[in-house]
Colleague: 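Questions regarding the structure given below will be posed in turn.
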Amino acid sequence: MPDTPALQSSLHAELAAQLDQLATDGLTRRRRTLDSCCQPLAVVDGRELISFCSNDYLGLASDAGLIEAACAGARRWGVGSGASHLVSGHLLPHQALEERLAEFTGFPRALLFSTGYMANLGIVAALAGRGDAVFADKLNHASLIDAVRLSGAESRRYAHGDLVALERLLAASSARRKLILTDAVFSMDGDLAPLPGLLELAERFDAWLLVDDAHGFGVLGAQGRGSLAHFDLPSSERIVYMGTLGKAAGGSGAFVAGSQTLIEWLLQRARTYIFTTASSPLMACALLASLDLIEAGDARREHLRQLTGRLHAGLAATRWRLLASSTAIQPVMIGDNHETLAVADALYERGLWVAAIRPPTVPKGSARLRISLTAAHSFEQVDKLVAALRELA
Ligand SMILES: *Cc1c(COP(=O)(O)O)cnc(C)c1O
């Protein structure tokens with residue numbers, strides 16, 4: 001419905017002009033409404049599309065076992081938690097999930113958050129403030145960038161994955177407390193942070209190391225235990241491990257794992273933990289079932305690896321530039337916003353749904369297609385995408 005003339009004040013005219021500018025720059029975002037659950041075959045406007053957009057890496061979001069666990073959970077525990085964790089919203093399934101997550105990731109204790117975005121805001125602001133310094137990879141997720149702003153700590157950003165640059169910044173800092181922040185798997189590039197080197201620097205300069213494993217948890221490492229397991233890192237008291245539950249785990253929410261003292265501090269001090277309603281207990285029930293499937297999910301992870309290899313082989317020696325990623329996130333670098341949109345639209349016409357990622361999600365001039373593969377895709381579906389991209393090249 002159009003706004004009434006009375007609403008077309010100068011405030012609205014200003015927004016309208018800015019919206020026009022977004023369109024001119026090829027930056028307008030469009031959402032589509034799905035008439036299907038999260039799975040490779042999506043139904044949009046009555047059309048079936050093969051979707052390569054979701055972060056449901058293990059294909060668990062609409063798994064029958066998780067649905068059953070959620071239904072049973074709702075019957076036993078109801079739908080809402082009714083309050084924040086520290087008031088009366090912390091139910092037995094939440095507690096069981098925290099204990100299971102701590103055990104699964106190998107840390108003394110874990111704490112649930114309602115979303116990964118909120119976890120990052122809460123953790124960083126609870127650990128760093130005025131007089132402290134935060135050292136962040138330039139390609140970190142928006143939630144980590146916002147977290148630094150919220151904390152009020154001094155922000156130092158280092159070139160993507162550049163340990164030498166980080167070492168220089170750490171050596172030059174006289175901040176009271178230091179905190180290094182990194183995505184473990186970079187969400188729009190699919191490459192891995194140099195975690196062993198980062199941990200070594202954290203030890204040497206007495207800093208905390210926050211590892212955001214949104215895209216590694218469930219996918220990487222033995223039994224899907226995540227990026228730290230992938231690198232076989234020794235457990236360290238200075239690691240703050242954040243994992244999300246809305247991607248490979250197929251549900252929603254997030255957790256942070258670490259030492260007893262760290263977790264107790266976050267429970268007492270992280271404002272995005274304290275001042276929000278606890279997630280639904282039925283979600284905790286579904287996630288407990290999800291952890292069993294993740295742990296026993298080697299076949300899913302192996303299939304995902306094979307799909308990734310197949311995509312790479314299919315697009316090698318074409319004009320498409322795949323980034324050096326070995327994970328399920330496979331970006332095709334294009335650069336120009338309009339061209340990226342045009343390619344995504346052409347794929348969509350052919351029944352293939354791939355996200356066109358543009359600034360500010362990625363740096364200016366680095367618009368790309370972000371192909372994301374899941375264990376629920378078939379070889380045939382990936383072959384169709386490869387064939388369409390070869391044709392469009
Ligand atoms: C998705 C994502 C988040 C946010 O997690 P939500 O649970 O979706 O809020 C945080 N960090 C990274 C790297 C992500 O990709």
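Read the numbers this way: they start at 1 and go in the same order the structure lists the ligands and their atoms.
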Colleague: Check the surroundings of atom CZ in Arg32: do more than 12 heavy atoms from other residues, nucleotides or ligands lie under 6.0 Å from it?
Modeller: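 Yes, CZ of Arg32 has more than 12 neighbouring heavy atoms, counting only those of other groups under 6.0 Å.
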
Colleague: Run the numbers for me: atoms of ligand 1, each under 4.0 Å from some heavy atom of Asp212, listed by number.
Modeller: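 Counting atoms of ligand 1 from 1, those under 4.0 Å from Asp212 are 10 (C), 11 (N), 12 (C), 13 (C).
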
Colleague: Check Leu127, Leu209, Val124 against Val240 for a side chain to side chain contact (heavy atoms under 4.5 Å, CB included) and give me the one that passes.
Modeller: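 When Leu127, Leu209, Val124 are each tested with Val240, the side chain to side chain contact (heavy atoms under 4.5 Å, CB included) holds only for Leu127.
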
Colleague: Considering only heavy atoms, which of His215, His141, Met242, Met188 lies nearest to atom 3 (C) of ligand 1?
Modeller: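 Answer by nearest heavy atom: His141.
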
Colleague: Quick one: which ligand 1 atoms are inside 4.0 Å of a heavy atom on Tyr117?
Modeller: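 It comes down to these atoms of ligand 1: 4 (C), 5 (O), 6 (P), 9 (O).
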
Colleague: Using the ring of each side chain (for Trp, its six-membered ring), is Phe379 parallel, tilted or perpendicular to His303, with breaks at 30° and 60°?
Modeller: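 Plane angle over 60°, so perpendicular.
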
Colleague: Regarding Arg358 and Glu339, does a basic nitrogen lie under 4.0 Å from an acidic carboxylate oxygen?
Modeller: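 Not counted as a salt bridge, because no side-chain N and carboxylate O are separated by less than 4.0 Å.
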
Colleague: At what distance is the nearest protein heavy atom to atom 8 (O) of ligand 1, and which residue and atom is it?
Modeller: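 Checking every protein heavy atom, the shortest distance to atom 8 (O) of ligand 1 gives Lys247 NZ, 4.3 Å.
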
Colleague: Look only at interatomic distance and state if Val185 has a nitrogen or oxygen under 3.5 Å from any nitrogen or oxygen of ligand 1.
Modeller: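 No: no nitrogen or oxygen of Val185 is under 3.5 Å from one in ligand 1.
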
Colleague: Taking heavy atoms and a distance under 4.0 Å, where does Thr115 meet ligand 1: side chain, backbone, both or neither?
Modeller: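 The part of Thr115 near ligand 1 is both the backbone and the side chain.
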
Colleague: For the pair Arg310 and Asp383, find out whether any cationic side-chain nitrogen is under 4.0 Å from an anionic carboxylate oxygen.
Modeller: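 Looking at Asp383 together with Arg310, the answer is yes, because their closest N to O distance falls below 4.0 Å.
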
Colleague: Taking atom CZ as the centre, does Arg321 end up with more than 12 heavy-atom neighbours from other residues, nucleotides or ligands that are less than 6.0 angstrom away?
Modeller: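 No.
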
Colleague: By number and element, which atoms of ligand 1 are closer than 4.0 Å to a non-hydrogen atom of Gly116?
Modeller: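 Close to Gly116: 4 (C), 5 (O), 6 (P), 7 (O), 9 (O).
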
Colleague: Do the charged groups of Arg238 and Glu203 touch, with an N to O distance under 4.0 Å?
Modeller: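 The answer is yes: the pair qualifies as a salt bridge.
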
Colleague: So, does Ser143 sit close enough to ligand 1 that a heavy atom of it is under 4.0 Å from the ligand?
Modeller: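 Yes, Ser143 has a heavy atom closer than 4.0 Å to ligand 1.
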
Colleague: Where on Ser187 is there a heavy atom closer than 4.0 Å to ligand 1, on the side chain, on the backbone, on both, or on neither?
Modeller: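 It is the side chain that touches ligand 1; the backbone stays farther off.
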
Colleague: Is any side-chain N of the basic residue among Asp162 and Arg168 closer than 4.0 Å to the acidic one's carboxylate O?
Modeller: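 Arg168 and Asp162: not salt-bridged.
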
Colleague: Tell me whether Arg368 is salt-bridged to Asp189, with the criterion being a basic N under 4.0 Å from an acidic carboxylate O.
Modeller: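 Yes.
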
Colleague: Considering the heavy atoms of Asp183, write down every atom of ligand 1 situated less than 4.0 Å from one of them.
Modeller: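 Listed by number with element, the hits are 13 (C).
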
Colleague: Please identify which atoms of ligand 1 are closer than 4.0 Å to at least one heavy atom of Ala214.
Modeller: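 Close to Ala214: 2 (C), 11 (N), 12 (C), 13 (C), 14 (C), 15 (O).
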
Colleague: Which atoms of ligand 1 have any heavy atom of Thr244 under 4.0 Å away?
Modeller: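 Going through ligand 1 atom by atom, the ones under 4.0 Å from Thr244 are 5 (O).
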
Colleague: Are any of the heavy atoms in Met118 under 4.0 Å away from ligand 1?
Modeller: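 Checking ligand 1 against Met118, which is what was asked, there is no heavy-atom contact under 4.0 Å.
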
